[in-house]
Amino acid sequence: MRTALVTAIALVAIAIPAGVAGTAAAAVKPVVINITAVNGRPVGGIKRPTVKKCQTIRIIVKTNVGSQIHLHGYNIEKTVKKGVPTVIQFVAKVQGRFELELHPMDALLAQVTVK
Ligand SMILES: [Cu+2]
């Protein structure tokens, strides 16, 4: 009984610093990519973020036109509503370069590189 308790405390003590310094924290805390599109064009230009494999990515898109956002490769599609932020969240498990488009005009909003 006492041995089990001591072991549990030891595990917690090990887990906390590892989580703060290591990849566990990176996996939980998402990389946020904010995009505002006006008439199919991303404000400030096409975003080209580079993220690390296995990071959680949260893409937030606000647009005044269009019906869907589509992340190629990962093939995630979300319906958008005019002026309402739409969120795509995923774990970047696949490496490569992936385009985020606004449909139906196929406007390029972002290019996400996963390394
Ligand atoms: Cu597409």
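What you see is a predicted model, and the numbers here were worked out from it, not measured in a lab. All ligand and atom numbering here is 1-based and tracks the order in the structure.
- Residue A110 comes nearest to I35 through the heavy atom pair CB-CD1, 3.7 Å, listed as atom of the first residue, atom of the second, then distance.
- Inspection of the environment of the Cu ion (ligand 1) yields the following protein N, O or S atoms under 2.8 Å: H70 ND1, H72 NE2, E101 OE1, H103 NE2.
- Panel note: side chain Y74, backbone V94; a donor-acceptor pair is recorded below 3.5 Å.
- For the side-chain contact (heavy atoms from CB on, under 4.5 Å) test with Q55, the passing option among V31, V114, V91 is V31; the others fail.
- The two residues R97 and T113 make their nearest non-hydrogen contact at NE-OG1, 3.3 Å.
- Between the N64 side chain and the N39 main chain, a donor and an acceptor come within less than 3.5 Å of each other.
- The backbone N or O of N34 lies less than 3.5 Å from a partner atom in the side chain of K47, making a donor-acceptor pair.
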